[in-house]
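Below is one structure, written out as structure tokens; comments come after it.
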Protein chains: 2
Amino acid sequence: MKPFSSYQNPSLAVDLVVFGYSKQQLSVLLLNRKEAPYQDGWVLPGAFLQMEERFRDTCSRVLKTKLGMDDVYMEQLYSFDEPERDPRGRAIAVAYYALVNPARVAIAAGSMANDVAWFNIKELPELGFDHRAIFDMAVQRLRSKITYFPVGFELLDEQFTMPELHELYECILDTTIDRRNFRRKILDSAYIISTGTKREGAQNRHPDLYTFNKQLKQNSFQINV
Amino acid sequence: MKPFSSYQNPSLAVDLVVFGYSKQQLSVLLLNRKEAPYQDGWVLPGAFLQMEERFRDTCSRVLKTKLGMDDVYMEQLYSFDEPERDPRGRAIAVAYYALVNPARVAIAAGSMANDVAWFNIKELPELGFDHRAIFDMAVQRLRSKITYFPVGFELLDEQFTMPELHELYECILDTTIDRRNFRRKILDSAYIISTGTKREGAQNRHPDLYTFNKQLKQNSFQINV
DNA sequence: CTATCTTTGCGTCAGATTAACACAAAGATG
DNA sequence: CATCTTTGTGTTAATCTGACGCAAAGATAG
């Protein structure tokens, strides 16, 4: 299948904002560029679309080959088209954001090249291209989304405790939320199911374990900031 | 500025979901195609990106040249990339939706070609390409957006009455909203300002006139369905 | 011109929701 | 064993919401 319009089209790429949550820290995955432009600078991982490839496929390919990750939750964010966004020439980027639990996603041992690193989202280096704008929009989207959709479960283990979920929300929304009111709201929403078991070997008391309710139908909760 | 990637890229186009509100009806603008594919079928207006053009520029160009409209509110919706979405070949579409007040937007007289028509959103013909999916997403986005952002004001006159605003919301959300509770919520939100004047020559009592508050800072209301 | 109807602005009130906070049991700490 | 921290559960007052009443300003009709 060949393109049919009369002029040479801009390059088409995807850029990925990969969020990872670990040890009460929300981080992003950045790549240290080896070539110009922005040589030695940090950028979001990305790739040009290959023939017949869909955006989502390109994203998966990047996650797989550059980062050794499989089976990652992702969502289209926005398309960026400033003519000057890539000094090499006209390039359109369709940005996606991905949510990764580093402990859960199959990250092949040693597969993460040494030019890849996690950065706490509050301590980001300067980014090349227009990647700072892309990142900012991704954070905004994640914050907004998590208040009405249980997107955060992608970042936790299969089973998690209420304090863990609570901490995740406080971390992403960068605010404090009353522990007891949060609990009530989440439980009322039926987004999570108690497994009936408790975590063993915890530091403190053994908190109840929960699972994400995959049967849920519609949005029915609202965490206010 | 030339594209630099090694292979021929897909075609890049924008597709536009143009909403118009008039006489208590929410409508979309459709185009009757003259050529194959989908000859004689209805589709969303759109165009291929021209060199150096940004998505938004392409949208403006379509609105201007095909529909004779200027200065229209629009927002990027989503990017569509199914390989088979255009039978002519690989084509990526970045969809935008636009909000138009037919009485307000400068529509050059007679400039709307006779192959263009407004359709009530509830009585749409079959659409070519994947345009039905694009339209559906646009409606969904508009509905969602209007519940927390005063996007609807783009569809009304500069000055409008409370009953008009109320009707607009009922129409877009396709539901009934208690008139008195709606009034209270909107007024509390400070999204609108009373002009202190009343509409003359109305059919019934002369209702108060309001204006959209352009000074507003943040989202602060929530219309529930 | 007057009786009646419709539209519009403004209120009321019971029930639901929320934010703030108390308390006690389970385990950790030393 | 005394004390501290964590976690599950409640309570309560303030607020918000939804359902609805009412009356004044026109419109409508005989």
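Since the model is a prediction, treat every value here as computed from it, not as a measurement. Lettering of chains follows the sequences in order, A, B, ..., and the numbering in each one begins at 1.
- Taking only distance into account, the side chain of A:Arg180 meets the base of C:dA22 through a donor-acceptor pair shorter than 3.5 Å.
- Look at A:Asp57 and A:Arg61 and you find no salt bridge, because none of the NZ, NE, NH1 or NH2 atoms lies under 4.0 Å from a carboxylate O.
- Regarding A:Lys198, its NZ atom lies at a distance of 11 Å from the C1' atom of C:dG27, rounded to whole Å.
- Atom CD1 in A:Ile186 sits roughly 14 Å away from atom P in D:dG8 (whole-Å rounding).
- Each of B:Arg183, B:Arg184, B:Lys185, B:Arg179 was scored for a side-chain hydrogen bond (donor to acceptor under 3.5 Å, both in side chains) with B:Asn181, with one residue passing: B:Arg184.
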Pairs under 3.5 Å (N/O, protein and nucleotides 15-17 of chain D):
none

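- The separation between A:Phe182 atom CZ and C:dA20 atom P is 16 Å, rounded to whole Å.
- For A:Glu75, the side-chain hydrogen bond (donor to acceptor under 3.5 Å, both in side chains) partners are A:Tyr73, A:Tyr97, A:Lys145, not counting sequence neighbours.
- Comparing B:Asp178 and B:Pro163 by the nucleotide of DNA chain C whose heavy atom lies nearest to each, the residue mapping closer to the 5' end is B:Pro163.
- If you take OH on B:Tyr96 and OH on B:Tyr78, they are separated by 15.0 Å, rounding to the nearest 0.5 Å.
- Between the CZ atom of A:Arg199 and the C1' atom of D:dT6 there is a distance of 14 Å, given to the nearest Å.
- The aromatic rings of A:His131 and A:Phe129 are tilted relative to each other, their planes meeting at an angle between 30° and 60°.
- One interatomic measurement links the two molecules: CG of A:Asp208 to C1' of C:dA26, which rounds to 12 Å at whole-angstrom precision.
- In this model, the phosphate group of C:dT8 is not approached by any side-chain N or O of B:Arg179 to a distance below 4.0 Å at OP1 or OP2.
- Closest approach of A:Asp81 to B:Arg56, counting heavy atoms only: OD2-N, 4.4 Å.
- When the C1' atom of D:dT7 is taken as reference, atom NE2 of A:His166 falls 12 Å away, rounded to whole Å.
- Rounded to whole Å, the distance from CG on A:Leu187 to C1' on D:dG10 is 14 Å.
- Note on ring orientation: taking the six-membered ring where Trp is involved, the planes of B:Tyr191 and B:Phe212 are tilted (angle from 30° to 60°).
- Atom CZ in B:Arg183 sits about 5 Å away from atom C1' in C:dG9, given to the nearest Å.
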